[in-house]
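So the structure is just underneath, and the comments pick up after that.
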Number of protein chains: 2
Amino acid sequence: MPYRRTENVVRRLAARREAIMQAAGALAAEAGIAAVQITPVSRRAGVATGTVYRYFPSKDELVGALVHDVAEREIGAMRRAADAAPGPLSALAAAITTYAARALGSRKLAFALIAEPADAADDARLAFRAALAAELGRRVSAAVQAGLLPGQDIAVAAPALTGALIEGLIGPLAADARDETGTRDAVQALTLFALRGLGVADARARGLVVGTTVPGRERGG
Amino acid sequence: MPYRRTENVVRRLAARREAIMQAAGALAAEAGIAAVQITPVSRRAGVATGTVYRYFPSKDELVGALVHDVAEREIGAMRRAADAAPGPLSALAAAITTYAARALGSRKLAFALIAEPADAADDARLAFRAALAAELGRRVSAAVQAGLLPGQDIAVAAPALTGALIEGLIGPLAADARDETGTRDAVQALTLFALRGLGVADARARGLVVGTTVPGRERGG
DNA sequence: CCAAGGCGTGAACGCTGGCTCACTTCTTTC
DNA sequence: GAAAGAAGTGAGCCAGCGTTCACGCCTTGG
């Protein structure tokens, strides 16, 4: 029975697989997920396009493996930092700062995968988000200047607020299919989160967070 | 000089343009931006594909116009609600609740445009986000159960927190190219925002928010 | 050194989807 | 009703990109 993979070959195969994933990661870091295309990846990894398919059954699986790796590494770092903290609250703080520090430090490496790519195609969506952030930022600024909120970096607060609103209610993570009261509760919870984040200590007591009625659509569809 | 557009024709043209944009919006609402393709849009609008190009020079412009419309409408609603409020803080609260209520009420209509589509292709990214949210949610739960945070709906808080972290630092809205101290400040500001949002009244006093050193990369690229 | 068979290759295939254009149809003006 | 030209049409073109496959090379076991 001729040919059985020797230890050396196994290593070489693993190295190639690794090279392919590295190439994919580099491309993602430089130009977003959309830039992870088989031909560029293979060229960058120094192999032929067909070779990629010896290691990954499809492009989706390649990307999946890449994201999985990165996620494991990043979340692992958060977890380690949190577990080393003395209590639940500082664990939370440690997780957050770890995330934040790593996001900024290796932004292009790891986090291109969760952030929107700078794709020309969806400039439009970014414009919407930006407009939202701008509007909210103006309001926050006004409240700060009126002395109703603590001073803060609007360039951080406005996007963070926008992100919380998007992800908290309409993003893919948000649980949908809530009933009527569930909806009201969610809106309240999110509003509370947002206002507290901005520095309102007692939004409820001040009557800022109240029940909301979901308005009907203004335009058909 | 034969043929000059009569008033009636102008109206018909405007109506067609509107029909095309409505069709595009409906498709976006039902299946995400990726589903806004010329052929389906034209079919839905009851015109030929070529006709679409009589009204919009390219698909990107069509999508752009659509998003612009929606953004104007939604942000307009926020602004009106805010302007009707008695003070800056309740203006802010009004803007947020208006956003939230509309997002939930007409989610499929308007906000499919800023949320990620349920595209099968980028399942991977969602997985990352979901893992992040799960990890953070666990930590928040632990802190709540330890009595260190006020009770809250984790299903809202975790995604909101995740969104704030993503958009606040690595999203396309976040100002990049910060210097070293700017980075530290941003991390601090975001951590403060996040912890306050979760209900920590005095994160700074408790020593939870401290200076951070951005760690080096753990893996090349 | 030979047989066996995995591994590497890259040109080519096929599908998808944006866009065009030669042609028809409709509208206005005279 | 005829000329002029705008508006509508949709089959087809073209580019990008994921995927395949027939072939040659290399490694292994005998």
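Naming: A, B, ... by sequence-line order, numbering from 1 per chain. Keep in mind that the numbers below use all heavy atoms, side chains included, and drop hydrogens, waters and symmetry copies.
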For A/Ser141 and A/Gly137, indicate whether the former's side chain and the latter's backbone hold a donor-acceptor pair under 3.5 Å. yes

Just checking B/Ile38: base, sugar-phosphate only, or nothing, at a heavy-atom cut-off of under 4.0 Å? sugar-phosphate

Side-chain donor/acceptor of A/Gln152 to backbone N/O of A/Leu198, under 3.5 Å: yes

What is the distance from CG of A/Leu27 to P of D/dC17, rounded to the nearest Å? 12 Å

Main chain of A/Ala94, side chain of A/Thr98: is a donor-acceptor contact present, judged purely on distance under 3.5 Å? yes

B/S/- contact track for nucleotides 3-9 of chain C, protein heavy atom under 4.0 Å: -S-SBBB

What is the distance, to the nearest angstrom, from the CD atom on A/Glu7 to the C1' atom on D/dG29? 18 Å

State whether the side chain of A/Tyr55 and the backbone N or O of A/Arg16 hold a donor-acceptor pair below 3.5 Å, judged by distance alone. no

Taking D/dG29, C/dG18, D/dT19 as options, the one with an atom nearest any side-chain atom of A/Ser58 is D/dT19

Basic-acidic side-chain contact under 4.0 Å: A/Arg44, A/Glu30: yes

Distance check needed: D/dG16 P versus B/Lys59 NZ, whole Å only. 16 Å

When we call it a touch if two heavy atoms are under 4.0 Å apart, what does A/Ser42 touch: a base, just sugar-phosphate, or nothing? nothing

Could you give the CZ-to-P distance, from B/Arg11 to C/dT27, as a whole number of Å? 14 Å

Any donor and acceptor pair, going by atom type alone, linking the side chain of B/Tyr99 with main-chain N or O of A/Leu165 inside 3.5 Å? yes

Is it the case that the side chain of B/Thr6 and the backbone of B/Val9 share a donor-acceptor pair, with hydrogens and angles ignored and the cut-off at 3.5 Å? no

Atom CZ of B/Arg43 and atom P of D/dA11 are separated, to the nearest Å, by 10 Å

Separation of atom CZ in B/Arg4 from atom C1' in D/dA3, rounded to whole Å: 18 Å

Measure OH/A/Tyr53 against P/D/dT19 and give the value in whole Å, please. 4 Å

How long is the line joining CD of A/Gln37 and C1' of C/dC15, in whole Å? 16 Å

